[in-house]
Enquirer: 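Here it is, the structure, as structure tokens.
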Amino acid sequence: MSAKKLGFGTMRLPLTDPSHPSWIDIEETCKLVDAFLEKGFTYFDTAWMYCGFKSEKAVREALVKRHPRDSFTLADKLHAGFIKTKEDRDRIFEEQKEKTGVTFFDYYLLHDINVVHYDVYKELDCFTWLKEKKAAGEVKHIGFSYHDSADFLDKVLT
């Protein structure tokens, strides 16, 4: 069976009050998650800062607690704007596993690579760190999201 190619992003979820981005309507989110899975889609995407830092908990409630782990894939991300030390990347990663309720991520990305964030990721050795997470089985697939020029992407890739 091949995977269907549509992802369920959790950067914006239904809210109980639109003026509070962290007040997620879990009941409505559950309905959306169930409909997505019923249509045969399996890829879910979250990140540390989404929905006022509450998206990962919503993923746990609407997806992880209610569906078998082998019925979906989950992506999460580390964002350079929230790390200042090597300890920060470890603390955030462990909190992400706790918040989502998983023991591993199917995909884990260094998020929003650009001129500024690239330097942070290099300084804190995040590329090696991410490969170590994969080798330890805490992440199945590693990658990055990119938000800068084509010329800078060439530098990152080389």
Side-chain angles (χ1 to χ4, degrees), residues 3 7-17 19-26 29-30 33 42-158:
F8 187 111
T10 63
M11 187 166 87
R12 292 175 188 86
L13 292 170
L15 303 174
T16 57
D17 182 341
S19 63
H20 296 280
S22 64
W23 293 12
I24 299 168
D25 184 336
I26 295 297
T29 301
C30 287
V33 164
T42 61
Y43 182 89
F44 292 83
D45 173 273
T46 190
W48 175 250
M49 62 287 186
Y50 289 177
C51 296
F53 299 87
K54 301 293 185 192
S55 172
E56 292 162 325
K57 286 183 178 182
V59 165
R60 181 186 64 221
E61 296 303 315
L63 177 66
V64 176
K65 282 186 172 181
R66 300 174 57 249
H67 296 278
R69 182 61 179 96
D70 63 355
S71 69
F72 62 89
T73 55
L74 182 59
D76 211 331
K77 304 172 197 79
L78 182 70
H79 192 288
F82 298 98
I83 57 174
K84 304 284 185 243
T85 66
K86 290 180 177 181
E87 292 77 22
D88 286 344
R89 53 178 204 193
D90 294 317
R91 175 185 52 80
I92 289 172
F93 185 82
E94 291 305 316
E95 286 183 30
Q96 288 174 305
K97 289 193 309 183
E98 181 182 325
K99 287 166 69 176
T100 58
V102 300
T103 57
F104 68 91
F105 293 106
D106 298 285
Y107 300 90
Y108 198 84
L109 309 178
L110 298 180
H111 188 49
D112 188 16
I113 289 187
N114 59 41
V115 173
V116 174
H117 292 163
Y118 182 71
D119 288 341
V120 173
Y121 290 134
K122 281 187 66 171
E123 179 184 323
L124 298 178
D125 199 21
C126 291
F127 296 97
T128 301
W129 171 82
L130 192 51
K131 288 191 276 184
E132 290 168 354
K133 291 294 180 194
K134 181 178 179 180
E138 294 181 274
V139 174
K140 287 186 176 182
H141 306 281
I142 60 176
F144 62 87
S145 63
Y146 184 78
H147 302 263
D148 211 311
S149 70
D151 289 339
F152 190 68
L153 179 59
D154 188 52
K155 176 184 175 180
V156 170
L157 294 176
T158 56

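Only a predicted model underlies this, so the values are computations on that prediction, with no experimental measurement involved.
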Enquirer: How far does NZ of K57 sit from CD1 of I26, to the nearest 0.5 angstrom?
Expert: 10.5 Å
Enquirer: Before accepting this row, confirm whether a basic side-chain N of the pair R91/D88 lies closer than 4.0 Å to the acidic partner's carboxylate O.
Expert: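 Result for this pair is yes, salt bridge flagged.
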Enquirer: Determine, stepwise, if the pair L130 / F144 fulfils side chain to side chain contact (heavy atoms under 4.5 Å, CB included).
Expert: CA-CA 10 Å; L130 192 51; F144 62 87; over 6 Å; no
Enquirer: Can you give me the closest heavy-atom contact between A62 and C30, atom names plus distance?
Expert: CA-SG, 3.7 Å
Enquirer: What distance do T100 atom OG1 and K65 atom NZ have between them, rounded to the nearest 0.5 Å?
Expert: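 Reported value, rounded in 0.5 Å steps: 12.0 Å.
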Enquirer: Run the salt-bridge test on D125 and K131 with the 4.0 Å N-O cut-off and return the result as yes or no.
Expert: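 Here D125 does not pair with K131 in a salt bridge, since their nearest N and O are not under 4.0 Å apart.
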Enquirer: Does the cation-pi check pass for K99 over W48, that is, NZ or CZ under 6.0 Å from the six-membered ring centre and within 45° of its axis?
Expert: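 Satisfied, under 6.0 Å and within 45°.
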Enquirer: Hey, could you give me the CD/CZ distance between Q96 and R60, rounded to the nearest 0.5 Å?
Expert: 13.5 Å
Enquirer: Quick check: closest heavy atoms across L13 and C51, and the distance to 0.1 Å?
Expert: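 Looking at all heavy atoms of both residues, the shortest contact is N-SG, 3.9 Å.
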Enquirer: Between S19 and D17, what is the shortest heavy-atom contact and its length?
Expert: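 Closest approach of S19 to D17, heavy atoms only: OG-OD1, 2.7 Å.
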Enquirer: Could you pull out all residues at least two apart from D90 that satisfy side-chain hydrogen bond (donor to acceptor under 3.5 Å, both in side chains)?
Expert: W129
Enquirer: Would a distance-only check, ignoring hydrogens and angles, find a side-chain to backbone donor-acceptor pair under 3.5 Å from Y121 to F127?
Expert: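 Here the side-chain-to-backbone pair does not exist.
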Enquirer: Of all the heavy-atom pairs spanning S22 and G52, show the shortest one and how long it is.
Expert: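 Closest pair (atom of S22, atom of G52, distance): CB-O, 3.9 Å.
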Enquirer: Considering only heavy atoms from C-beta outward, does the side chain of V33 approach that of H67 to under 4.5 Å?
Expert: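 Sidechains of H67 and V33: in contact.
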Enquirer: I'd like to know if the side chain of K77 reaches the main chain of T46, judged simply by a donor and an acceptor atom lying under 3.5 Å from each other, with no hydrogens or angles considered.
Expert: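 Yes; judged by distance alone, with no hydrogens or angles, the pair exists.
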Enquirer: Which side-chain hydrogen bond (donor to acceptor under 3.5 Å, both in side chains) pairs, counting each pair once, include a residue from residues 141-158, with sequence neighbours left out?
Expert: H111-S145
Enquirer: Side chains of F44 and L63: does their closest heavy-atom pair fall under 4.5 Å?
Expert: yes
Enquirer: Step by step, work out the ring-ring contact (aromatic ring centres under 6.0 Å, His included) result for Y43 and Y107.
Expert: CA-CA 10 Å; Y43 182 89; Y107 300 90; 5.5 Å; yes
Enquirer: Taking atom CZ of R12 as the centre, report whether more than 12 heavy atoms of other residues, nucleotides or ligands fall under 6.0 Å from it.
Expert: no
Enquirer: Mind checking whether L15 and I24 have side chains closer than 4.5 Å, heavy atoms only?
Expert: yes
Enquirer: Salt bridge between K97 and D76, side-chain N to carboxylate O under 4.0 Å?
Expert: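 Answer for the salt bridge query: no.
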Enquirer: Checking H117 side chain against A80 main chain: does a donor-acceptor pair fall under 3.5 Å?
Expert: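 Absent.
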Enquirer: With heavy-atom distances below 4.5 Å as the criterion, would you say the side chains of V102 and E56 are in contact?
Expert: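 No, too far: nothing below the 4.5 Å cut-off.
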Enquirer: Output, in order, the C-alpha distance, side-chain angles, deciding distance and verdict of side chain to side chain contact (heavy atoms under 4.5 Å, CB included) for F72 and F8.
Expert: CA-CA 11 Å; F72 62 89; F8 187 111; over 6 Å; no
Enquirer: Are Y108 and F93 an aromatic pair, judged by ring center distance below 6.0 Å?
Expert: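 When the ring centroids of F93 and Y108 are compared, they turn out to be within the sub-6.0 Å range.
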Enquirer: Please report the shortest heavy-atom distance between H79 and M49, naming the atom on each side.
Expert: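 Taking H79 first and M49 second, the nearest heavy atoms are CD2-CE, 3.5 Å.
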Enquirer: Between the side chain of T10 and the main-chain N/O of D45, is any donor-acceptor distance below 3.5 Å?
Expert: yes
Enquirer: Around atom CD of E95, are there more than 12 heavy atoms from other residues, nucleotides or ligands closer than 6.0 Å?
Expert: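 More than 12 within 6.0 Å, yes.
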Enquirer: Let me confirm one number: the CD1-CG distance from I113 to L157, rounded to the nearest 0.5 Å.
Expert: 9.0 Å
